[in-house]
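Have a look at the structure below before the remarks.
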2 protein chains.
Amino acid sequence: MTTSGSTGETMARAAERLRSAGMRVTVPRMAVLMAVSDSEGHLDADSLRGLAQRITGRLSLQATYNVLRALTDAGLVRTTQIAGHPARYETERHDNHHHFVCRACGSIRDVECAVGAAPCMEPRLPADYDTQEAAVTFWGLCPGCRAAAPLPGLSPQHEHLRRHGSMPGSSR
Amino acid sequence: MTTSGSTGETMARAAERLRSAGMRVTVPRMAVLMAVSDSEGHLDADSLRGLAQRITGRLSLQATYNVLRALTDAGLVRTTQIAGHPARYETERHDNHHHFVCRACGSIRDVECAVGAAPCMEPRLPADYDTQEAAVTFWGLCPGCRAAAPLPGLSPQHEHLRRHGSMPGSSR
DNA sequence: CCACAGACTTGACCGATTCAAGAAAATGCG
DNA sequence: CGCATTTTCTTGAATCGGTCAAGTCTGTGG
């Protein structure tokens, strides 16, 4: 009901969200916003385009990028860039959570802040630095890949991933 | 003495470092290794190529990338990728320090771990996740840009930078 | 229902990085 | 020392994620 079929309900809600963010309401925007909301997050522009097309029928990749930027600027969507991966988009929840990235399969998982609203937000820096935000990325192996790994910490797909630039620490 | 002229001393040391890392000793490798060591770090491949060329005279960009990867794999160089910036390279010091990135000018500054060797290294994750590393990036304004900013937190160059993809938080 | 700003489509373009093929150079060995 | 083997470097093309630009289409306000 929320994915492809009668999306009436969600359409209306998406329209409302756009409107109250002061944005024009268009089919592509509703579709992308719904795609981001429906997905578990962490999808890239092209995947979201695919989902959105199930609603709009046709949607250019460029439009997808435009919409995603507009939604990000409006504070409805959060953009996350992870080294070696295309940008991912998720619903902005204003909780400044972080991400765990599996070095083997590339999957991403949300990680809540360990302490309060901003862990690690106290860098050892001179007072005249204006620190606005801290982004934390955890690297490791997800349960599935960990089980499949011959040696703990070194999976078969690891080498492949490394070559795709998953920073940091290539550890070969 | 360490930059362009008689680089004998450093050349020899670079050769030694390569050798003890089990790598073949070549002029391009020594040159790039010296370039990384001499710089304050945080230079991208093309800049390092420029520095290295002052020693080798000629060095392809492709070779620079090859060398940097080899050095990274060998644990002599640390690669850092920051959203919206090309990859930066610095001498591997095995201290897992983090980075502060200025949203206005894009400059990068090292930040020591606030607590022990691995702050934020305790993600709220199920026990079957194998967390190997935590990368923390602080975003904000460096002293210079902060002073130049008309409104605190929003510099004149900010918009420009945002459009170049400096994640996270576009805050327009 | 019209006009106009803002949004979509298409297609060229770009920066960072990698792939591929051949030439050059480094180490091992006789 | 001189060659063979293997790795590395050079050159040039290609890929990938993403942006720019020009023209057409469509919300929205009047």
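Bear in mind the structure is a predicted one, so any value in this text is a computation, not a measurement.
Whole-Å rounding puts the A/Asn66 CG to D/dG18 P distance at 13 Å. D/dT8 atom P lies 11 Å from atom CG of B/Leu18, rounded to whole Å. Note: CG (A/Asp46) to P (D/dT19) measures 14 Å, nearest angstrom. Protein atom NE2 of B/His85 is 16 Å distant from nucleotide atom P of C/dG15, rounded to whole Å. B/Gln62 places its CD atom 15 Å from the P atom of D/dT15, with the value rounded to the nearest Å. Between the CG atom of B/Asp44 and the P atom of C/dT18 there is a distance of 13 Å, rounded to whole Å. When the P atom of D/dT7 is taken as reference, atom CG of B/Leu71 falls 17 Å away, rounded to whole Å. Taking atom CZ on A/Arg88 and atom P on D/dG17, their separation rounds to 10 Å, with Å as the unit.
Contacts of B/Leu61 with the nucleic acid, taken as non-hydrogen atoms under 4.0 Å apart, include base atoms. Residue B/Ala87 is classed as a sugar-phosphate contact, given heavy-atom separations below 4.0 Å to backbone atoms only.
Here B/Arg58 reaches the OP1 or OP2 of D/dT11: one of its side-chain N or O atoms lies under 4.0 Å away.
Between B/Tyr129 and A/Phe100, the ring planes lie perpendicular to each other; the angle is over 60°, past the 30° to 60° tilted range.
Between A/Thr80 and A/His99, some side-chain heavy-atom pair lies under the 4.5 Å cut-off.
For the atom pair CD (A/Gln81) and OG1 (A/Thr137), the distance works out to 11.0 Å, reported to the nearest 0.5 Å.
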Report the C-alpha distance between A/His42 and A/Asp110 in whole Å, list the side-chain angles of each, state the deciding distance to 0.1 Å, and finish with yes or no for side chain to side chain donor-acceptor pair (under 3.5 Å). CA-CA 9 Å; A/His42 313 135; A/Asp110 286 345; 2.7 Å; yes
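The nucleotide whose nearest atom lies closest to any side-chain atom of B/Tyr65 is, among C/dT9, D/dG18, C/dT17, C/dT17. Listed candidates were C/dT10, D/dT10, D/dG18. Nearest to the side chain of A/Ser60 is C/dT10.
The existence of a salt bridge linking B/Asp130 and A/Arg103 is excluded, since no basic side-chain nitrogen approaches an acidic carboxylate oxygen closer than 4.0 Å.
A donor-acceptor contact shorter than 3.5 Å links the side chain of A/Gln53 to the backbone of A/Leu59.
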Counting primed atoms plus P, OP1 and OP2 as sugar-phosphate and everything else as base, spell out the protein contacts along nucleotides 25-30 of chain C at 4.0 Å heavy-atom distance: B, S or - for each nucleotide, 5' to 3'. -BS---
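Applying the side chain to side chain donor-acceptor pair (under 3.5 Å) criterion to A/Ser39, with sequence neighbours excluded, gives no partner residue.
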